[in-house]
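The structure appears below as structure tokens.
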Amino acid sequence: MPSTLAILGGQPLRTRPFPKWPVFDDRERAQLETVLTSQSWGGHPSPNRKAAEFASAFAAYQGARFAIPTTSGTSALEVALKALGIGPGDEVIVPAITFAATPYAAVACMARPVFADVSAANACIDPESVERLITRRTKAIIPVHYGASLADLDALAEISRAHSIPLVEDCAHVPGAQFRDRGVGTHGALGCFSFQSSKPMTAGEGGMITTNDPDLEQRCQSLINCGRRRADDDFEGPLMGANYRMTEWQCGILLAQLARLPDQIEQKSRAAGRLREGLGSIKGLSPVARDSRVTREVIYAFVFLVDEAALGISRNRFVRALRAEGIPCGVANDPVYRSALFPRESAAYRRACELAGANPDTAAIDCPVAERLFEHALVSIPHECLLGDDRDLDDIIAAAAKVASRATELATAKLK
């Protein structure tokens, strides 16, 4: 192994590329050709032919009674909350570490997002923090399954039952995952998925809502279809919806993506086991462990934690040096209330807080674990890196070991 770090002028440990994403073949081409020649390309009538086929296949794979395709994971979350009747003056508890779409969905309903801290073990929402934040205004809890970890659905389901507050699972990272042999997206009132470009199955954009509740299914179908009702719908009252329908092009691509998903899940889960063993042997690095209750593991980001004191360098220096060695990696999501994509100074957020009786300037946000993880500990590797062979995985481990072995030198070096 070269002793000089690439960031300090040495040769990178790895120069060849990792597998590219997304993966496609003749299955996607055949689906697109079928849609092209059908001359029925959009989401109307809803659900259209490919949309109905994809919804049925996805629901079966997740073990859900119903699935509703949408334009994005963001719109899926928004529609799910609106189907629950959430609106002005309500509160929705969300985790501190997530993408901006999660709290945005609450604001889109003019409800106030309330930020819960996360678990130090896996960066998923902390049930004890959730319990402390519940008020009479709390109308939903959104656990986010993060990276490759699933939120503690046992504890959250107990909280949901005790307080009669529905769970809306944000499953954007983990299509196909199972907790105690049940698909994610079926443990609460609704589940929401994303098929954006980077996700483990993708059509560039797109989303899905799952539910076992016929009334919620009817409401979601109406909300994504401009408020239209089907002849046999029996939910109460009219709904003001929008066009959140998925196109036939996307549904065709996603049918092909779903067909190869099981093999990719298995390959990436095996790869994650190899990475956990290899990286876990390096002092100062701790891969996030797989929860024994996760019976089908889906990897969106392979996440591990840096102990800066044990490693001898900051997490940020470690990440910069690992990138220089040719390993794609990042520091995961910042606490979402700090994200530029979720501006708390915006009129919409401020108004949502005020409607819920909170002062947006003084309302406390106390998420010390999320802050520490983001600033000092989290490292993530994108899932496509786990679709190669053992040499790819061994390069990741070797690069991390190389950086760790030169930590003393790196700690005092002047970096450009």
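Keep in mind that what you see is a predicted model, and the values were worked out from it rather than measured. When reading the values below, keep in mind they use all heavy atoms of this one structure, side chains included, and skip hydrogens, waters and symmetry mates.
Inspection of the Gln178 and Glu297 side chains reveals no N or O donor paired with an N or O acceptor under 3.5 Å. Side chains of Asp170 and Thr102: a donor on one and an acceptor on the other come within 3.5 Å. Residues Gln196 and Ser198 bring a donor and an acceptor atom of their side chains to less than 3.5 Å of each other. Ser149 and Asp291 form no side-chain donor-acceptor contact under 3.5 Å, judged by distance and modelled atom types alone.
In this structure, Phe342 and Tyr349 have perpendicular ring planes: the angle between them is above 60°, well past the 30° mark. Relative orientation of the Phe304 and Phe318 rings is perpendicular, given thresholds of 30° and 60° on the angle between their planes.
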- Val319/Arg323 under side chain to side chain contact (heavy atoms under 4.5 Å, CB included): CA gap, chis, key distance, verdict: CA-CA 6 Å; Val319 166; Arg323 287 175 179 161; 3.7 Å; yes

- Query: side chain to side chain donor-acceptor pair (under 3.5 Å) between Gln264 and His383: does it pass, once the steps are laid out?
  - Reply: CA-CA 10 Å; Gln264 290 178 335; His383 66 97; over 6 Å; no

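For the pair Val379 and Val306, the minimum side-chain heavy-atom distance is below 4.5 Å.
A ring-centre distance under 6.0 Å is not found for Phe66 and Phe58. Between Phe99 and Tyr146, the gap from one ring centroid to the other reaches at least 6.0 Å.
Checked by atom type and distance alone, the side chain of Ser339 never pairs as donor or acceptor with a backbone atom of Val336 at under 3.5 Å.
In this structure, Arg229 forms a cation-pi arrangement with Phe235, its terminal cationic atom sitting closer than 6.0 Å to the ring centre and no more than 45° off the ring axis.
Between Lys82 and Glu78 there is a salt bridge, with a side-chain nitrogen of the basic residue lying less than 4.0 Å from a carboxylate oxygen of the acidic one.
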